[in-house]
Protein chains: 2
Amino acid sequence: MRIGELARRAGVSTRTLRYYESRGLLPTRREVNGYRVYDDGDLRLVEQIRTLQDFGFGLEETRPFVECLRAGHPTGDSCPASLDVYRGKLAELDTLIDELRAVRHEVGAQLARAESDLPDPPDPLCQMKG
Amino acid sequence: MRIGELARRAGVSTRTLRYYESRGLLPTRREVNGYRVYDDGDLRLVEQIRTLQDFGFGLEETRPFVECLRAGHPTGDSCPASLDVYRGKLAELDTLIDELRAVRHEVGAQLARAESDLPDPPDPLCQMKG
DNA sequence: CCTTGCGTTGACGTCGGCGTCAAGGTCTAG
DNA sequence: CTAGACCTTGACGCCGACGTCAACGCAAGG
């Protein structure tokens, strides 16, 4: 399989695949003419990367998973290093969510205060008259 | 007051102030020699911008607040446009928080599954022997 | 021979909010 | 006169994950 087919099957662009390769996440096997050649294992690598990316992982954070798969393990998270990344991400998410909730609370309070200072323009069809 | 003093009092860099000006958020009054000149009202503008930025608002989102202040209103959120930004941000935060919680749930599940498949290396001082 | 559809590398563009020079002008104190 | 502390504009750098374009090679069909 060449880069175009892998791209189609993985649902990414060829540019993305070349970028992953430049980051050392994909192997660099070539045909005689210089074309990149891939197999189903490489498809799994890309799928693993995409899954994690969709979760908001940075590319570097996917590296342990990729290396785990390339080492022959059944899944990308069959290795301790991957689990550490999971744990780190959980902590990061917890922190972030807490911060966002605090901000949400703040903004909500500001909105409430501002709304009470400046009551919104009354409905013209249902205006209070006295 | 000139740019350096405003920067100190607002706790930002002069670069930041010039950037705000380039975005049309700060006025462009000058002394005879070309130096920028500011007053306390401008300090309030910068403080308003910083407050919102700390909440995660983009610069463009601070514009209604800034214009509201510059229009002479007592606070940046004394205008309907500002309230709309508040409301939009609240919706955005709610969506984002929900997404992050979903991701957190997913990642947590993956970690649990992977940990059960690959129990962590037992404590070397308390290793099971039989 | 020519087109079509693949592939290749290299390099610049994107987005936000500035940081960080570079090269110069202005004003004040000594 | 000079040092220094301030100011000016302009322009490139940064981060991440690519998009997009240029200019070219390779292979097959008509």
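Chain A is the first sequence line, chain B the second, and so forth, proteins listed ahead of strands; every chain is numbered from 1.
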Side-chain donor/acceptor contact of A:Tyr19 with base of D:dG19 under 3.5 Å: no

Of C:dG25, D:dA17, C:dT9, the nucleotide closest to the side chain of A:Leu59 is D:dA17

Rounded distance (Å) that lies between atom P of C:dG16 and atom CZ of B:Arg63: 12 Å

Take atom CD of B:Glu31 and atom C1' of C:dT26, then tell me their distance rounded to the nearest Å. 10 Å

Rounded distance (Å) that lies between atom P of C:dG17 and atom CD of B:Glu21: 17 Å

side-chain N/O B:Arg36 vs D:dC6 OP1/OP2, d < 4.0 Å: no

Which whole-number value in Å describes the distance from A:Phe57 CZ to D:dC18 P? 15 Å

Between B:Arg9 and B:Asp40, is there a side-chain N and carboxylate O pair less than 4.0 Å apart? yes

Look only at the side chain of B:Ser82 and the backbone of B:Gly76, and say whether a donor-acceptor pair between them is shorter than 3.5 Å. yes

When you get a sec, tell me which of C:dC6, D:dC6, C:dT9 is the closest nucleotide to the side chain of A:Tyr35? C:dC6

Can any side-chain N or O of A:Asp42 pair as donor or acceptor with the backbone N or O of A:Asp39 at less than 3.5 Å? yes

Roughly how far apart are A:Glu67 CD and A:Thr62 OG1, rounded to 0.5 Å? 9.5 Å

Take A:Glu60 and B:Glu5, find for each the nucleotide of DNA chain D with the closest heavy atom, and name the residue whose nucleotide sits nearer the 5' end. B:Glu5

Within this structure, what is the CD1-to-C1' distance between A:Ile3 and D:dC18, rounded to whole angstrom? 13 Å

Ignoring backbone atoms, test whether A:Thr16 places a side-chain nitrogen or oxygen under 4.0 Å from the OP1 or OP2 oxygen of D:dG19. yes

Identify whether the distance between the nearest side-chain nitrogen and carboxylate oxygen of B:Glu60 and B:Arg63 falls below 4.0 Å. yes

Look at A:Lys89 together with B:Glu106 and state whether they make a salt bridge at an N to O cut-off of under 4.0 Å. no

Starting at the 5' end of DNA chain C and moving along, which residue's nearest nucleotide shows up first, B:Arg50 or B:Val32? B:Arg50

Can you tell me if the side-chain N/O atoms of B:Gln53 get under 4.0 Å from OP1 or OP2 in C:dC18? yes

Check every strand shown and say whether B:Arg30 touches a base, only sugar-phosphate, or nothing at a heavy-atom separation below 4.0 Å. sugar-phosphate

Whole angstrom is fine here: how far is it from CG in A:Leu17 over to C1' in D:dC18? 12 Å

Rounded distance (Å) that lies between atom P of C:dG16 and atom CG of B:Leu25: 13 Å

From the set C:dC18, D:dT8, D:dC18, return the single nucleotide nearest to any side-chain atom of B:Ser13. C:dC18

Could you tell me how far apart A:Arg8 (CZ) and C:dG5 (P) are, to the nearest whole angstrom? 13 Å

Answer with base, sugar-phosphate or nothing: what part of the nucleic acid does B:Arg18 contact at a heavy-atom distance below 4.0 Å? base

Between C:dC27, C:dC18, D:dC7, which nucleotide has the shortest distance from any of its atoms to the side chain of B:Asn33? C:dC27

Kindly point out which of C:dT20, D:dG19, C:dG7 is positioned nearest to the side chain of A:Arg2? C:dG7

Taking the minimum atom-to-atom distance to the side chain of B:Arg15, which one of C:dC18, D:dT8, C:dC6 wins? C:dC18

